[in-house]
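Remember, it's 1-based here, ligands and their atoms both numbered in the order they're listed. The shown structure was predicted, so the numbers you read here are calculated from the model rather than taken from an experiment.
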Amino acid sequence: MRSDANIAGPMTDPVPGPRTESSFGEDVSRETPPPMDDTPIGRAAQLAVEALGRAGEGLPRPEHTRVIVVANQKGGVGKTTTTVNLAASLALHGGRVLVVDLDPQGNASTALGIDHHAEVPSIYDVLVDSRPLAEVVQPVPDVEGLFCAPATIDLAGAEIELVSLVARESRLQRAIQAYEQPLDYILIDCPPSLGLLTVNALVAGAEVLIPIQCEYYALEGLGQLLRNVDLVRGHLNPELHVSTILLTMYDGRTRLASQVAEEVRTHFGEEVLRTSIPRSVRISEAPSYGQTVLTYDPGSSGALSYLEAARELALKGVGVSYDAPHAHVGAQNNPSMVEGTQ
Ligand SMILES: Nc1ncnc2c1ncn2[C@@H]1O[C@H](COP(=O)(O)OP(=O)(O)O)[C@@H](O)[C@H]1O
Ligand SMILES: [Mg+2]
């Protein structure tokens with residue numbers, strides 16, 4: 001867990017009491033961008049942040065490690081894509097971030113370029129054999145400050161194996177509590193089900209982030225997830241709450257997308273990030289290169305929208321109001337965010 005150790009990077013430590021936007025990054029000159037790594041990813045990050053017009057602006061780091069559970073029992077709504085790209089964005093903003101891959105498919109591990117064949121020490125060993133998390137965490141190549149606890153195919157059996165184990169719902173929570181490396185964020189990528197793996201994530205985290213695909217039936221099945229969140233809060237984890245809703249695969253050219261977005265905003269209100277993620281071919285191509293869109297195409301609308309969503313998430317976490325950018329990404333109905341079929 002995060003200690004008070006001072007970690008190098010542009011994220012600024014939170015100051016007590018209310019903050020205003022103007023107090024951000026006060027130790028960083030706005031005229032002079034901070035020196036970046038002389039690596040391809042360092043330059044890519046610099047480019048992306050400059051494209052957002054936010055060079056030199058630090059983000060407040062959370063006082064304690066924020067453990068965020070990315071869940072939605074529907075498959076294909078953007079859980080994995082959101083987990084890896086938000087995590088990479090938070091790391092590029094200077095945070096130390098761990099992705100826990102809790103889906104036996106291991107898609108998050110793949111997208112982060114992390115080896116996860118059957119022999120690799122993985123989150124399965126942590127959950128079922130009580131192996132320390134530190135023994136399975138790997139640094140993500142090319143992205144400073146980003147780490148991954150990979151999932152292997154073994155995890156498919158864990159759903160059953162966990163049933164007979166002691167404290168079967170809180171094994172991930174215990175492993176995270178025993179992890180001593182300082183971290184700003186832990187993002188947990190859940191499988192598309194509400195079984196014991198997802199319950200372990202809900203017990204381990206305080207926040208639930210629900211990605212919602214801007215499609216027909218977007219809200220269908222969410223009631224079940226919300227009831228599970230209530231149950232876990234009532235019995236196992238009083239801190240748990242749905243903190244964030246993120247609209248994904250938003251296509252501003254269609255009436256459907258804006259209708260769904262409106263419905264979601266009416267239903268959830270404040271929890272819905274103002275930044276939505278456009279449908280983008282670049283986002284869907286990146287995983288096949290073992291990359292996030294942030295390294296694959298840092299200037300693309302997909303990369304910029306995830307950077308912006310990460311910024312909004314970081315600001316919300318310290319109770320600071322978020323100013324949506326005007327001309328580029330983030331505006332919910334801005335058709336220019338959409339790459340269409342490019
Ligand atoms: N914003 C997006 N634009 C285009 N394709 C996307 C976007 N987000 C996700 N996808 C694609 O949609 C599919 C499902 O996304 P994924 O993140 O794997 O969902 P889940 O983890 O919820 O099953 C993947 O092929 C992914 O590449
Ligand atoms: Mg997934």
Side-chain angles (χ1 to χ4, degrees), residues 68-89 99-114 116 123 148-153 155-156 159 187-195 197-198 201 208-215 217-222 224-225 244-254 256-257 260-261 264 273 275-297 300-310 329-330 332 334-342:
I68 302 177
V69 182
V70 181
N72 186 331
Q73 81 270 31
K74 258 196 217 179
V77 298
K79 288 183 291 298
T80 301
T81 306
T82 292
T83 304
V84 299
N85 289 303
L86 268 186
S89 297
V99 168
V100 174
D101 190 350
L102 216 54
D103 186 341
Q105 309 256 0
N107 294 339
S109 312
T110 304
L112 294 172
I114 298 291
H116 61 110
I123 202 71
C148 175
T152 61
I153 193 64
L155 197 58
E159 204 74 79
L187 270 66
I188 307 175
D189 185 28
C190 288
S193 65
L194 294 172
L197 288 173
T198 297
V208 182
L209 184 158
I210 308 179
I212 295 184
Q213 186 182 357
C214 293
E215 280 274 340
Y217 308 124
L219 294 174
E220 197 183 63
L222 274 189
Q224 214 182 338
L225 171 61
T244 312
I245 309 282
L246 179 63
L247 297 167
T248 64
M249 299 182 233
Y250 186 84
D251 183 345
R253 295 167 306 181
T254 67
L256 174 64
V260 171
V264 171
L273 292 189
T275 310
S276 50
I277 307 301
R279 189 173 277 286
S280 147
V281 172
R282 292 284 178 265
I283 289 179
S284 58
E285 284 172 349
S288 53
Y289 297 89
Q291 289 190 40
T292 68
V293 73
L294 281 306
T295 56
Y296 177 64
D297 190 350
S300 64
S301 65
L304 298 182
S305 61
Y306 270 115
L307 275 171
E308 197 57 29
V329 297
Q332 188 222 321
N334 179 359
S336 67
M337 285 177 64
V338 179
E339 285 179 7
T341 53
Q342 165 210 331

Notebook entry, point to check: Which residues pass the side chain to side chain contact (heavy atoms under 4.5 Å, CB included) test with T81, sequence neighbours left out?
Noted result: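 T81 satisfies side chain to side chain contact (heavy atoms under 4.5 Å, CB included) with N85, I283, Y306 only.
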
Note to self: Counting only heavy atoms and a distance below 4.0 Å, can you name the residues contacting ligand 1?
What the structure shows: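 Ligand 1 is contacted, at a heavy-atom distance under 4.0 Å, by G75, G76, V77, G78, K79, T80, T81, M249, I277, P278, R279, S280, I283, S284.
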
Validation row: [X], [Y] side chains within 4.5 angstrom (heavy atoms):
X    : Y    : value
V70  : C190 : no
P287 : N107 : no
E308 : L304 : no

Next item on the list: Using side-chain hydrogen bond (donor to acceptor under 3.5 Å, both in side chains) as the criterion, list what pairs up with S109, not counting sequence neighbours.
Entry: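 For S109, the residues satisfying side-chain hydrogen bond (donor to acceptor under 3.5 Å, both in side chains) (neighbours in sequence not counted) are D101.
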
Checklist line | Where P211 and N72 come nearest, the two heavy atoms and their spacing | finding: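 For P211 and N72, the tightest heavy-atom pair comes out as O-ND2, 2.9 Å.
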
Notebook entry, point to check: What protein N/O/S atoms sit under 2.8 Å from the Mg ion (ligand 2), by chain and number?
Noted result: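 As for protein N, O or S atoms lying under 2.8 Å from the Mg ion (ligand 2), they are T80 OG1.
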
Next item on the list: Give a yes or no on whether the backbone of V77 and the side-chain of T248 come within a donor-acceptor separation of less than 3.5 Å.
Entry: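 Checking the backbone N and O of V77 against the side chain of T248, a donor-acceptor pair under 3.5 Å is found.
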
Next item on the list: Working to the nearest 0.5 Å, report the span between CG of L197 and CD of E159.
Entry: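 Those atoms lie 4.0 Å apart.
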
Margin query: As a quick check of understanding, evaluate side chain to side chain contact (heavy atoms under 4.5 Å, CB included) for D251 and C214, giving each step before the final call.
Written below: CA-CA 8 Å; D251 183 345; C214 293; over 6 Å; no

